[in-house]
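Structure record follows, encoded as structure tokens.
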Amino acid sequence: MVEEYSVDPAQLLEAATDFAYQPGANSDASAQDFLNRFPLPAIISALQTKADYPGLESALVDCLERVFKTRYGASLIPHYMAFVTVGLGAESQKVRRLACQTVSCLLDNVDEAVVIQLIHEYGVYQLLLNCLISGDEEVAAASTDAIRKLASHSKGIDIIFPGSGNEATNLVNLATNCSPLGRVRVLALIVKLFSISNSVASRVYNSNLLSVLEAEISNSSDTLVTLSSLELLYELADVQHSTEFLSRTKLLQILTSIISDVSAESILRSRAMMITGRLMARENAFVFIDESGCRNLVSAIDRRLDLSESQNADECECALEALGQIGLSSKGAAFILSGAQPAGRHVIYAAFDRQQHGKQLASLHALANIVGETRAENDVLLDGDAEQNLRRLIYETASKTSKLTPSGLLLSVLQQDSEIRKAGYRVITGLVMRPWYLMEVISRREIVDIVTDAFTETEKIGMEARHKCCQSIYKGFTSASKVATDDALSGIATKLEEAIRRGPYLGRKLSEAQPAVMTEQRF
């Protein structure tokens, strides 16, 4: 019994502190040595009876956390599960956090069959859910991590999603009946579970857990609740298999409604547009989302940009960035550049408008995505009327400015600050794969001079973007037979070749250090 163990709290505090804060990872040997001096029952007894001793509880919690992270320490956990369950229900938040972390160590280091039996036998999952709902922020995070690890086990997922519903552990019921904070934590757990794998995401979907997220996002009476739920959906949308499952829910229609709602808070519309961009950024988005759903989402963003006078700058930039995200895939780019009034026109118009710096920067990066700067070489050009609309819109934009030509627009971009220039390099990299735009670039020697100038950029990202731009122009130049054989343009090819050979960082020619004062000048 732990009552039989009694140690001097001062000695235990000193030893635990030394062990907890020794540098580097603890070895099995060091953990075993420590536990030989102070057996686990003695430490547990001290946590239960001497927690009020100044500094002891914190030191023991930190110490045991490191002990259980060793394989030797983890091997002892199955023999002390009764105390783990007590810790999960303790009043001390530090002890509860330690107990949750101990469950994680158990799941990481002990045989799956043994772990699942222990979780069942001691009702650990229910206790972890209690920690999730009623613990402080650190306890909730530790509990979420333990449940996520449990779900990663092939048999552990059956505890979380049993065949026969257990009212106490049913996540839908739990989210419905707990406090607003607890509900957000359950939703965060659902997102973590969903991201583990496609099979776990399927269990989440089949358990109707996404309906809880739908209900929270639809809660128009509380902007903060809606925003918190949208943040979780934004995280969920980043999961590779998210589009497959979210397309089966009402969440896409809810996003469309939020974006279209002129009475909604601007920040809600902005977040909904960013989520839309993430969901539609992948090629498979157009496999799982039907055409009408895609059209409704893009049209909602299009209408917000049409109402530019009534929206703030942040919302406008979010809308443009969302279109850029959709345009990452060739199907998405073709979608927003198709039709008589394509949504992509907003991106092109704003990309060359110097009136609002943030809006122009967002548009240039969006345009770079749409024209294929990040896509594979064989996937840059678009199908259908998208390419024609792209060319028409760029020439149309140029004709409405004092620059008159696309090359003039491009030169004005490269003559601005470094952030705008970096985005400009990305646009050129994608567009020069098109012969008509290649001619615009090489027709202005000033553009080539800026792009090949090793002194133009001083930051790593800018240097890399400029170098990649040189490579794309040179590749387009050499692949266009009529241009490559033009003697008048041979100097441009040589200049580009030299810039590429120098690399992105070693552009400046090496020079020997020169003394500020020559030797003979000292006397």
L393 atom CG: more than 12 heavy-atom contacts under 6.0 Å = yes
Those residues at least two apart in sequence (or on a different chain) that pass side chain to side chain contact (heavy atoms under 4.5 Å, CB included) with A264 are D261, R269
Residues E440 and T405: closest non-hydrogen pair is OE1-CB, 4.2 Å
The residue among E459, H365, E457 that forms side chain to side chain donor-acceptor pair (under 3.5 Å) with K422 is E459
Heavy atoms only: give me the nearest L150-L107 pair and the separation to one decimal.
-> N-CD1, 3.7 Å
Can you list the residues that meet the side chain to side chain donor-acceptor pair (under 3.5 Å) rule with Q416, with sequence neighbours excluded?
-> none
K359 and C316 have their tightest heavy-atom pair at CE-SG, 3.5 Å
Scan residues 385-394 for pairs that pass salt bridge (charged side-chain N to carboxylate O under 4.0 Å, His left out), counting only residues two or more places apart or in two chains.
-> E387-R434, R392-E396
When you look at CD of E446, are more than 12 heavy atoms from neighbouring residues, nucleotides or ligands closer to it than 6.0 Å?
-> yes
Nearest heavy atoms of N389 and L337, plus distance in Å = ND2-O, 2.7 Å
Who are the side chain to side chain contact (heavy atoms under 4.5 Å, CB included) partners of A465, not counting sequence neighbours?
-> Y425
Using the test side chain to side chain donor-acceptor pair (under 3.5 Å), find all partners of N208 that sit at least two apart in sequence or belong to another chain.
-> S211
Might you point out which heavy atoms bring A423 and L364 nearest each other, and give the distance in Å?
-> CB-CB, 3.5 Å
Can K400 be said to sit on top of F352's aromatic six-ring, NZ or CZ under 6.0 Å from centre and within 45° of the ring axis?
-> no
Who are the side chain to side chain contact (heavy atoms under 4.5 Å, CB included) partners of L181, not counting sequence neighbours?
-> S179, R185
With sequence neighbours excluded, give me every salt bridge (charged side-chain N to carboxylate O under 4.0 Å, His left out) pair touching residues 122-141.
-> R97-E138
So the salt bridge (charged side-chain N to carboxylate O under 4.0 Å, His left out) pairs with at least one residue in residues 316-327 (sequence neighbours excluded) are none
Are any side-chain N or O atoms of S247 and backbone N or O atoms of E244, one a donor and one an acceptor, separated by less than 3.5 Å?
-> yes
Donor-acceptor pair, T276 side chain versus A272 backbone, under 3.5 Å?
-> yes
Counterpart residues, side chain to side chain donor-acceptor pair (under 3.5 Å), relative to E112 (two or more places apart) | S154
Using the test side chain to side chain contact (heavy atoms under 4.5 Å, CB included), find all partners of E377 that sit at least two apart in sequence or belong to another chain.
-> M433, K475
Quick check: does any side chain N or O of E283 sit under 3.5 Å from a backbone N or O of S330, one acting as donor and the other as acceptor?
-> yes
Who are the side chain to side chain donor-acceptor pair (under 3.5 Å) partners of S299, not counting sequence neighbours?
-> none
For residues 338-350, which residue pairs qualify under salt bridge (charged side-chain N to carboxylate O under 4.0 Å, His left out), counting only residues two or more places apart or in two chains?
-> D302-R345, D306-R345
Main-chain N/O of I370 paired to R375 side chain as donor or acceptor, under 3.5 Å = yes
Could you tell me whether D108 atom CG has more than 12 heavy atoms of other residues or ligands within 6.0 Å of it?
-> yes
Taking atom types as modelled, find out whether S266 and N312 have a side-chain donor-acceptor pair closer than 3.5 angstrom.
-> yes
Neighbour count >12 (heavy atoms, 6.0 Å) for atom NZ, K250 = no
For the residue pair F245 and F194, does the interplanar ring angle fall in the parallel (under 30°), tilted (30 to 60°) or perpendicular (over 60°) class?
-> perpendicular
What heavy-atom pair brings A285 and T243 nearest, and what distance separates the two atoms?
-> CA-CG2, 3.8 Å
